[in-house]
There are 2 protein chains.
Amino acid sequence: MHNLLSNLKITINDKLYVKNPETSELGLNILKNSILLIDEIGFDAFTFKKLGERIQSNESSIYRYFENKHKLLVYLTSWYWSWMEYRMAFATINVSNPIEKLEKAIKLVTENIIDDNTTPHINEEVLSRIIVEEFTKTLMTKEVDNENKEGFFLVYKRVINRIIDIIKEVNPNYPYAKSLASSIVEGSLHQHFLKNHLKTITNLSEKECATDFYTDMAKKILL
Amino acid sequence: MHNLLSNLKITINDKLYVKNPETSELGLNILKNSILLIDEIGFDAFTFKKLGERIQSNESSIYRYFENKHKLLVYLTSWYWSWMEYRMAFATINVSNPIEKLEKAIKLVTENIIDDNTTPHINEEVLSRIIVEEFTKTLMTKEVDNENKEGFFLVYKRVINRIIDIIKEVNPNYPYAKSLASSIVEGSLHQHFLKNHLKTITNLSEKECATDFYTDMAKKILL
DNA sequence: TAAACATTAATAGTAATACTATTATATTTG
DNA sequence: CAAATATAATAGTATTACTATTAATGTTTA
């Protein structure tokens, strides 16, 4: 398994970067520290200047890798969903029972994430916090439609499509497979956000994850 | 009914404004045109300068009503949720059957909104588009926790709490009433966003609303 | 080994944003 | 009518999100 995970193939739309950050020390440093800095100060306050200072490099050097901070965020979120897609493929490949497959998929997208150590420049635990706090910002722009056409959100949609397929296997007659799948993925992020900030309108407590809520929901709806 | 609706009491946290915009022509103009302008160009591109030009007034005059554009957006979204709360109270007040009550509540928060003409300075249809496209931005900031303490999101939470209470009436043994209620309200906004921008991962089509999907969900989960 | 090329750092500069402050002029109200 | 208040106009500031230029460094290859 460790072997398989280290061959992990993360696919990212090459329109998201000017120069592939995986190909140099500086690039890897940008990835690593942008995750940490966005987590610390939030994406709105994050600037290339601050990142440059942090990694003892220069603002303009970062611009050689990413056109702007929005594309860097879309890059990081694509990385996350690509990693998630891989985990999901891996976890469901040898499972023939559709219900069991659905349970595994729901668990993966709803559980609390911990760093998996296979990628030293990406801390998945911190990255997953960024996904909870900032992911919708990648979609909620006036450029969504153009960026969607360019394929910026393909990986995200692929994760959801995988769940749609499993839902259809479990119950081919359920008429809202797409909405249910996107609800689970986005809704889970939202429940995690609520448990961190608006605790009174979620049942999730401090260290809990959304797995039970969504597993119960899916079973009651589909079975 | 018209009478009742025109006595409509919208409650808004007075920390959200410097001067109450409902008390002057200019204030009402700011509300009316900020909604239209945000809808046209998006909240990110929206500035007080552009709004000033549009209403033949001055940037600095707008600052006498709202400290910054973020608070204006929170004001507008509070207005919407307060309006929604009122509609919900009105629609469920004489309904004794809990299931019917839940159906009505779900319908209200998931349906497509049309302008209701009782408030000439607020176009509810346009405002509801802003809620779909921009509402999460009011929450997803590094200031959420402070602003939540200040009560900026009270009206929103009150709408959700109303639904939580109805869910508990329908099925007192269901353990995730809070998460289900917040899922329906936020999830509905998200499904509307998807039908506008990422059509392949929702079952909602162009003019459709999320009522059927969530009514079906709630019934299967609770009954 | 030297020339060529690519990468990075440093500096400077620009337009736009998100404000604040000041003043002059209306308008309302007591 | 005087005083208080509201508004418009102007100017100014710090920060952001970049772009452009140059110089220094390292790396490749003829």
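Predicted, not measured: the structure shown is a model, and the values here were computed from it.
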For this session: Sugar-phosphate means primed atoms, P, OP1 and OP2; the rest is base. With that split, encode nucleotides 4-11 of chain C 5' to 3' as B, S or - using protein heavy atoms under 4.0 Å.
Result: ---SBBBB
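- Distance, B:Leu28 CG to D:dT7 P: 11 Å, rounded to whole Å.
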For this session: Run the numbers on B:Tyr65 and B:Ser24 for side chain to side chain donor-acceptor pair (under 3.5 Å), then give the verdict.
Result: CA-CA 10 Å; B:Tyr65 288 85; B:Ser24 78; 2.5 Å; yes
For this session: Take A:Glu147 and B:His197 through the side chain to side chain donor-acceptor pair (under 3.5 Å) test and state the conclusion after the steps.
Result: CA-CA 10 Å; A:Glu147 296 187 349; B:His197 303 294; over 6 Å; no
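- Atom NZ of A:Lys107 has 12 or fewer heavy atoms from other residues, nucleotides or ligands within 6.0 Å.
- Rounding to whole angstrom units, CD of residue A:Glu53 and P of D:dA17 are separated by 14 Å.
- B:Arg87 is not listed as a side-chain neighbour of B:Phe90, based on a closest heavy-atom distance of 4.5 Å or more.
- Under 4.0 angstrom from either OP1 or OP2 of C:dA18 there lies at least one side-chain N or O belonging to B:Lys69.
- Side-chain contact between B:Asp44 and A:Lys142 is absent, with no heavy-atom pair separated by less than 4.5 Å.
- To the nearest angstrom, P of D:dA6 lies 16 Å from CD1 of B:Ile62.
- Judged by distance alone, the side chains of B:Thr119 and B:Glu124 do bring a donor and an acceptor atom under 3.5 Å apart.
- The OH atom of B:Tyr63 sits 16 Å away from the P atom of D:dA8 (whole-angstrom rounding).
- The interatomic distance linking A:Phe66 (CZ) with D:dA17 (C1') rounds to 16 Å, in whole Å.
- In summary, the aromatic rings of A:Phe135 and A:Tyr80 are positioned with their centroids too far apart to meet the 6.0 Å limit.
- With rounding to whole Å, A:Asp44 atom CG is found 16 Å from C:dT17 atom P.
- Residues B:Ile163 and B:Ala181 approach most closely at CG2-CB, 3.9 Å, considering heavy atoms.
- Between the NE2 atom of A:His70 and the P atom of D:dA17 there is a distance of 13 Å, rounded to whole Å.
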For this session: Go along nucleotides 25-30 of chain C 5' to 3' and tag each nucleotide: B for a protein heavy atom under 4.0 Å from its base, S when only backbone or sugar atoms are that close, - otherwise.
Result: ------
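- Salt bridge absent: A:Lys50 and A:Glu40 never bring a charged side-chain N and a carboxylate O closer than 4.0 Å.
- Across all strands shown, B:Phe48 has no heavy atoms under 4.0 Å from either base or sugar-phosphate atoms.
- In the set C:dA18, D:dT16, D:dC18, D:dT16 carries the atom at the smallest distance from any side-chain atom of A:Lys50.
- For the pair A:Lys49 NZ and D:dA14 C1', the interatomic distance rounds to 11 Å; values are reported in whole Å.
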